[in-house]
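To keep things clear, I will list the structure first and then write my remarks on it.
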Amino acid sequence: MTIWRSALLAGSETFIRGQGDALTRWRPSYLGATRTASPLSRADDVITFAGDPRAFLRLRLTGDSPRLRRALAQQRPDLVHAHFGGDGWLISGAAGYLGKPLIVTVHGHDVTRQPDAPGLHGLRYRRNLRTVFHRAALIIAVSEVIRSRAIACGADPEKVRVHYTGVPVPAAPPVVPKRWDVAFVGRLVPKKGVDDLLTALSTMQSPRALFIGDGPLEQSLRARAEQLRLDATFLGSHPPEIVQRHLAESRMLVAPSKTAPDGDTEGLPTTILEAAALGLPVVSTRHSGIPEAVTDGETGLLCGEGDPAALAAAMTHLLSDAQLRHRLGAQAHRRATADFNLTTQTKKLESLYDEATTLPLSIRN
C-alpha cells in the first residue's frame, strides 16, 4: 500500500511515519510530491515532482498528473492512504484512474480553517474537499470533533470512522531524574497557544520550561521569553527519540491549544498521547478533541482556551504536589495503554484497510 503526503515529511508529523512503520500485515511505501528536509525524511521516499515545480503546479490546479499516475502505478499498491483532506484530493484522481481504494485521514485544519477561507480560494478548497470525500472509500477522523467537522464539510457519515492515532506505550513509565518543570512539544504556530503559556510562566516562581519544535512564531516567542526573563530553553525540532527522552525528563507536558485567529484548530495533538504514554500528567485546554484524551482531574488538568491565569494555576498546583503528579501520570499511562497503544491502534487501522479493499468498486471510488 502507498502512504501519500505531498510534502515528505515535516518533522512535526511523527504520527504519519510512526503509524506506517507499525504496520504488520500491510507493507507501506511512501510517495510524495516534494521532499521536506527534516529528521523524518528518508532516502527511499519516492518523490514525484523533484525539480519540476511546474508539473506539481498542474496537479494542484487540475487534480490531474500523468506523472503522478505513473509513479503510483509503479508502486503497485492495493490501497492508497492520504493524510489531510487537500492531499487526499491531489492523489484521488490517480488512485481512481488506477482503480485503487483511497483512505483519507483528516487531522484538523483541513476541515476547520481551510474550508472557511474567503473568496475563490475557499470556494475551490470546499469543492475539492467534497470531491475527495466522494471518491474516498473511507475517511478517518482523528477525533469525534474532527469527524463532526468532516461531515459538516460534506463527508458521508457512513464513511467516516474515528481512529485515534497510536503511540508507543512502554510497559512502565521510565524513571529518570527530572530536568524540566514544564515541557511543550509542537509546531510554533498560533493554535498551539504558546503565547498564553509564556504569559502564564511569567506569573510563576521561575519554573524551568522546555520548548521543542519550530515554526513561523519561533523568533518572536524566543524574544518574548527573553523579554519576560523566563527560564526557557528552545531546542527547535528534534527526532522522536530525542523528544521522548526530554519528555521523560519533564514533570509535565503543557499543551495550551486554542482556536487561532484564522479558525485553525487541533485534531488531537499526538504529543498529549506521547506524554501520557510516558506517565506524564498533562495540562491542556478544552479544545477540539483534547478532552477525548485528557480527563480533567484524572489524567491531567484542563483549562479554558486562551486563559493564562488558569494555566498558571494548574501548573503551580501540579508543581507543588508530587503525589498528584504521580497519580495523574499513572492514570494517564493506564489510559494510553488501553486506548492509544500503537500496537492495538495499528491492528484497528489495518482492519480499516481490509474493509476499504473489500468494498464494491462503485462505493469505494
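Start at 1 with the first residue, then count along the sequence.
Of all heavy-atom pairs spanning T36 and A7, the tightest one is OG1-CB, 3.5 Å. Closest heavy-atom contact between A141 and V160: CB-CG1, 4.1 Å. When all heavy atoms are compared, the tightest approach of V189 to L217 is C-CD1, 3.6 Å. Closest non-hydrogen pair, P207 versus L201, comes out as CG-CD2, 3.5 Å. Counting all heavy atoms, side chain and backbone alike, R251 lies closest to D181 at NH1-OD1, 2.9 Å.
Looking at Q19 and T346, their side chains never bring a donor and an acceptor atom within 3.5 Å of each other.
No side-chain heavy atom of T34 sits less than 4.5 Å from a side-chain heavy atom of L8. Contact of the M204 side chain with the L319 side chain is registered, since non-hydrogen atoms from C-beta on lie closer than 4.5 Å. Between I16 and R5, the closest side-chain pair of non-hydrogen atoms falls below 4.5 Å. Looking only at side-chain heavy atoms (C-beta outward), R224 and Q227 come within less than 4.5 Å of each other. Using a 4.5 Å cut-off on side-chain heavy atoms (C-beta onward), V106 and V142 make no contact. The shortest distance between side-chain heavy atoms of V254 and M315 falls below 4.5 Å. A heavy-atom distance below 4.5 Å is not found between the side chains of R67 and L59.
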Requested in this report: Could you please spell out the steps behind the side chain to side chain contact (heavy atoms under 4.5 Å, CB included) verdict for F133 and K159?
Outcome: CA-CA 9 Å; F133 285 166; K159 286 186 176 183; over 6 Å; no
Query raised in the report: Given the rule in the side chain to side chain contact (heavy atoms under 4.5 Å, CB included) test, do L302 and V294 qualify, once you have shown the distances and angles that lead to the verdict?
Result: CA-CA 8 Å; L302 294 179; V294 181; 3.7 Å; yes
Query raised in the report: Could you go step by step and tell me if D110 and Y125 meet the side chain to side chain contact (heavy atoms under 4.5 Å, CB included) rule?
Result: CA-CA 9 Å; D110 46 354; Y125 184 85; 3.3 Å; yes
Requested in this report: Tell me, with the steps shown, if T105 and H81 meet side-chain hydrogen bond (donor to acceptor under 3.5 Å, both in side chains).
Outcome: CA-CA 8 Å; T105 296; H81 184 178; 2.8 Å; yes
Query raised in the report: Hey, mind stepping through S65 and F56 against side chain to side chain contact (heavy atoms under 4.5 Å, CB included) and telling me if it holds?
Result: CA-CA 8 Å; S65 168; F56 185 30; over 6 Å; no
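Between the side chain of E350 and the backbone N or O of R25 there is at least one donor-acceptor pair closer than 3.5 Å. A side-chain donor-acceptor contact under 3.5 Å links K178 to the backbone of S250. A donor-acceptor pair under 3.5 Å is absent between the side-chain atoms of D231 and the main chain of R208, judged by distance alone. Between the T295 side chain and the P291 main chain, no donor and acceptor come within less than 3.5 Å of each other.
Within the structure, ring-ring contact (aromatic ring centres under 6.0 Å, His included) contacts touching residues 1-46 (residues at least two apart or in different chains) are F15-H107, W26-Y353.
To the nearest 0.5 Å, atoms CZ (R60) and OG1 (T62) are separated by 10.5 Å. I242 CD1 to I212 CD1: the interatomic distance, rounded to the nearest 0.5 Å, is 9.0 Å. C153 SG to Q114 CD: the interatomic distance, rounded to the nearest 0.5 Å, is 10.0 Å. Between the CG atom in L210 and the CG atom in L247 there is a gap of 8.0 Å [rounded to 0.5 Å]. Within the model, atoms CD1 of I139 and CD of E158 stand 11.5 Å from one another, a figure rounded to the nearest 0.5 Å. Atom CD1 of I290 and atom OG1 of T285 lie 4.0 Å apart (nearest 0.5 Å).
Salt-bridge formation is detected for the pair E266/K192: a Lys NZ or Arg NE/NH1/NH2 atom is positioned less than 4.0 Å from an Asp or Glu carboxylate oxygen. The existence of a salt bridge linking R179 and E249 is confirmed by a sub-4.0 Å separation between a basic side-chain nitrogen and an acidic carboxylate oxygen. A salt bridge between R17 and E13 is absent, with no side-chain N of the basic residue lying under 4.0 Å from a carboxylate O of the acidic one. Ion pairing between R126 and D116 fails under the 4.0 Å rule for side-chain N and carboxylate O. In summary, K100 and D78 do not engage in a salt bridge, as defined by a charged side-chain N under 4.0 Å from a carboxylate O. Ion pair D296/R286 flagged as a salt bridge, since at least one NZ, NE, NH1 or NH2 atom sits closer than 4.0 Å to an Asp/Glu carboxylate oxygen.
By the 30° and 60° cut-offs, the orientation of the rings of F211 relative to F184 is tilted.
In this structure D156 satisfies the salt bridge (charged side-chain N to carboxylate O under 4.0 Å, His left out) test with no other residue, sequence neighbours excluded.
Applying the side-chain hydrogen bond (donor to acceptor under 3.5 Å, both in side chains) test between S29 and each of Q75, R76, Q74 identifies Q75 as the sole match.
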